[in-house]
K.L.:
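One structure is given below, represented as structure tokens, and several questions about it will come after.
Just so it is clear, the values below take in all heavy atoms, side chains as well, and ignore hydrogens, waters and symmetry mates. Being a predicted model, the structure only gives us computed values, none of them experimental.
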Amino acid sequence: GVADVLVGDRSGAPRHDFVGKLSFSWPRTAAQSGRARSVAGGAPQFAYGYGLSYQNHAMLRALPETPGVDNADANFANYLIRGRAPAPWTLILRHGDRAVPLGDTAQTADLDSVVSIRPVDAEGVQEGGRQFSWSGQGSGEVAIVGPALDMRMLSNGEAVLLLSYRLDEKPSAPTQLAIGCGPGCAGQLDLTPTLNQAPPGEWRNLKVKLSCFREAGADVSKVTEPFALNTSGRLRLSLTTVQLSSDPAGAVCPRR
């Protein structure tokens, strides 16, 4: 039977030993890369050619409990979660040449009485959103800034920018949704008709195709602001989420 195959005699000695060996180095942390005879970033957990046998009585090294990478370095898709910008992203208010960076904690801020922010309850979560108010006394902008992203492959596919928002006061002037990619970079889309059609006071999701920004002239190879909303009129808008999504169902392309 099975026992006769595994056990060779009454002493318990195995009839057959293990012979399988690793055909690549098994990484010790997520920071190590490569699936060959060696990995970049230090000694692997199990080297190329490693394999267990009944003759080997060595103790295995402890498995690491840390990933070896900073979660912020891997966050290229989540820009605003429950009203807060997770690292490495920063939420800012902007008016002319002035910009006010906002911390990760809920807070109230006002920039030159043009654009302001305050925490609001959202979708059943206390202070789970941020409400932005434009006074109509000048051009103001809300943006999320961070390290440069190469979005060329994403914009060639079906990736979308997902916004979870609530319209609190309809825009009194044209309102632009944009991605930032340096001086002179285009990529603005007119969000005014979309906002005018949204029922005030109702949380909604909006998906905008990344390809729309590219077609509007954005250099998607170096996106440093994956979200920017600006207007010179009055507007009140609350946000809980700004992130990339791979689900294009219902996505739109606001007119330029």
Side-chain angles (χ1 to χ4, degrees), residues 70-73 75-122 125-149 151 161-192 195 203 206 208 213 218-219 222-244:
D70 188 339
N71 289 335
D73 295 336
N75 179 22
F76 69 92
N78 299 304
Y79 313 125
L80 194 72
I81 301 297
R82 291 188 175 181
R84 293 169 172 80
W89 306 102
T90 302
L91 187 63
I92 66 169
L93 303 180
R94 190 154 51 203
H95 168 56
D97 295 331
R98 296 192 62 202
V100 175
L102 304 169
D104 188 43
T105 58
Q107 65 182 49
T108 299
D110 182 279
L111 179 58
D112 299 337
S113 298
V114 172
V115 58
S116 62
I117 180 177
R118 71 180 185 93
V120 293
D121 296 343
V125 178
Q126 184 176 11
E127 296 188 348
R130 300 263 187 123
Q131 184 185 73
F132 304 95
S133 299
W134 286 260
S135 66
Q137 299 180 30
S139 179
E141 186 169 62
V142 173
I144 298 174
V145 302
L149 296 176
M151 290 186 168
L161 184 65
L162 170 65
L163 312 179
S164 295
Y165 76 100
R166 183 186 69 193
L167 181 66
D168 299 314
E169 181 181 343
K170 292 190 175 185
S172 65
T175 301
Q176 307 292 328
L177 175 65
I179 61 175
C181 41
C185 178
Q188 292 194 95
L189 303 173
D190 186 2
L191 203 61
T192 316
L195 294 179
W203 287 103
L206 172 65
V208 180
F213 297 104
D219 183 353
K222 54 176 184 179
V223 177
T224 55
E225 297 181 8
F227 168 83
L229 190 67
N230 66 80
T231 185
S232 58
R234 290 185 58 85
L235 172 66
R236 274 192 301 127
L237 185 81
S238 298
L239 288 169
T240 62
T241 303
V242 180
Q243 63 184 178
L244 289 182

K.L.:
First locate atom CG of Leu206, then atom OG1 of Thr241, and finally report the distance between them rounded to the nearest 0.5 Å.
P.N.:
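The OG1 atom of Thr241 is 12.5 Å from CG of Leu206, to the nearest 0.5 Å.
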K.L.:
Checking the side chain of Trp134 only, and the main-chain atoms of Pro171 only, is there a donor and an acceptor separated by less than 3.5 Å?
P.N.:
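No, Trp134 side chain to Pro171 backbone: no donor-acceptor pair under 3.5 Å.
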K.L.:
Donor-acceptor pair, Thr224 side chain versus Pro147 backbone, under 3.5 Å?
P.N.:
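Not a single qualifying donor-acceptor pair exists.
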K.L.:
For Asp121, which residues count as a salt bridge (Lys or Arg N to Asp or Glu O under 4.0 Å) partner, sequence neighbours excluded?
P.N.:
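Not a single residue meets the salt bridge (Lys or Arg N to Asp or Glu O under 4.0 Å) criterion with Asp121.
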K.L.:
Please determine which of Ile81, Leu163, Asn75 meets the side chain to side chain contact (heavy atoms under 4.5 Å, CB included) test together with Gln243.
P.N.:
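For Gln243, the side chain to side chain contact (heavy atoms under 4.5 Å, CB included) test succeeds with only one of Ile81, Leu163, Asn75, which is Ile81.
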K.L.:
Checking Tyr79 against Leu244 for the side-chain contact (heavy atoms from CB on, under 4.5 Å) test, could you report, in this order, the C-alpha distance in whole Å, the side-chain angles of both residues, the deciding distance, and whether it holds?
P.N.:
CA-CA 8 Å; Tyr79 313 125; Leu244 289 182; 3.3 Å; yes
K.L.:
At what distance, to the nearest 0.5 angstrom, does CE of Met151 lie from CD1 of Ile179?
P.N.:
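Met151 atom CE to Ile179 atom CD1 measures 6.5 Å (nearest 0.5 Å).
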K.L.:
I need the minimum non-hydrogen distance between Leu80 and Ala85, along with the two atoms involved.
P.N.:
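Nearest pair, atom of Leu80 first, then Ala85: CD1-N, 3.7 Å.
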K.L.:
Is there side-chain contact between Ser116 and Thr108, with heavy atoms separated by less than 4.5 Å?
P.N.:
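No, every pair of side-chain atoms sits at 4.5 Å or beyond.
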K.L.:
Around Lys170, counting heavy atoms of other residues, nucleotides and ligands shown, do more than 12 lie under 6.0 Å from its NZ?
P.N.:
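Count over threshold, so yes.
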K.L.:
In Å, rounded to the nearest 0.5 Å, how long is the span from CG of Leu229 to CD1 of Ile144?
P.N.:
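Leu229 CG to Ile144 CD1: 10.5 Å, rounded to 0.5 Å.
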K.L.:
Check this for me: Arg236, atom CZ, are more than 12 non-hydrogen atoms of other residues, nucleotides or ligands nearer than 6.0 Å?
P.N.:
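Check passes, neighbour count above 12.
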K.L.:
Restricting to side chain to side chain contact (heavy atoms under 4.5 Å, CB included), what partner residues turn up for Thr240, sequence neighbours left out?
P.N.:
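Applying side chain to side chain contact (heavy atoms under 4.5 Å, CB included) to Thr240 gives Ala122, Glu123, Ser164, Trp203.
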K.L.:
Taking Thr192 for its side chain and Thr175 for its backbone only, find out whether a donor-acceptor pair lies under 3.5 Å.
P.N.:
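Checking the backbone N and O of Thr175 against the side chain of Thr192, a donor-acceptor pair under 3.5 Å is found.
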K.L.:
Given the rule in the side-chain contact (heavy atoms from CB on, under 4.5 Å) test, do Leu177 and Phe227 qualify, once you have shown the distances and angles that lead to the verdict?
P.N.:
CA-CA 7 Å; Leu177 175 65; Phe227 168 83; 3.7 Å; yes
K.L.:
To the nearest 0.5 Å, what is the distance between CZ on Phe132 and OG on Ser238?
P.N.:
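Taking CZ in Phe132 and OG in Ser238, the distance rounds to 8.5 Å.
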K.L.:
Taking atom CG of Asn78 and atom CH2 of Trp89, what is their separation to the nearest 0.5 Å?
P.N.:
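Reported value, rounded in 0.5 Å steps: 10.5 Å.
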K.L.:
Report the residue from Glu127, Gln131, Gln107 that forms a side-chain hydrogen bond (donor to acceptor under 3.5 Å, both in side chains) with Arg118.
P.N.:
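Among the candidates, only Gln131 passes.
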K.L.:
Looking only at atom types and distance, does a side-chain atom of Arg234 sit under 3.5 Å from a main-chain N or O of Gly136, one as donor and one as acceptor?
P.N.:
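Absent.
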K.L.:
Within the structure provided, determine whether Val120 and Asp168 are in side-chain contact (heavy-atom separation under 4.5 Å).
P.N.:
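Heavy-atom side-chain distance check fails, nothing below 4.5 Å.
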K.L.:
Please test Val100 against Ile117 for side-chain contact (heavy atoms from CB on, under 4.5 Å), starting from the C-alpha separation and ending with a verdict.
P.N.:
CA-CA 11 Å; Val100 175; Ile117 180 177; over 6 Å; no
K.L.:
What pairs of donor and acceptor atoms, side-chain ones from residues 92-99 against any protein atom, are under 3.5 angstrom apart with sequence neighbours left out?
P.N.:
from, atom 1, to, atom 2, distance (Å)
Arg94, NE, Glu141, OE1, 2.9
Arg94, NH1, Glu225, OE2, 3.0
Arg94, NH2, Glu141, OE1, 2.6
Arg94, NH2, Glu225, OE1, 2.9
Arg94, NH2, Glu225, OE2, 3.2
His95, ND1, Ser139, O, 2.9
Arg98, NH1, Asp112, OD1, 2.5
Arg98, NH1, Asp112, OD2, 3.4

K.L.:
Can you name the nearest heavy-atom pair linking Ala218 to Gly187, along with the distance?
P.N.:
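Scanning both residues, the minimum pair turns out to be CB-CA, 3.7 Å.
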K.L.:
Between Gln176 and Asp190, does the side-chain contact (heavy atoms from CB on, under 4.5 Å) criterion hold? Intermediate values first, please.
P.N.:
CA-CA 5 Å; Gln176 307 292 328; Asp190 186 2; 4.2 Å; yes
K.L.:
Atom OG in Ser172, atom CG in Leu235: separation rounded to 0.5 Å?
P.N.:
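Going from OG on Ser172 over to CG on Leu235, the span is 8.0 Å.
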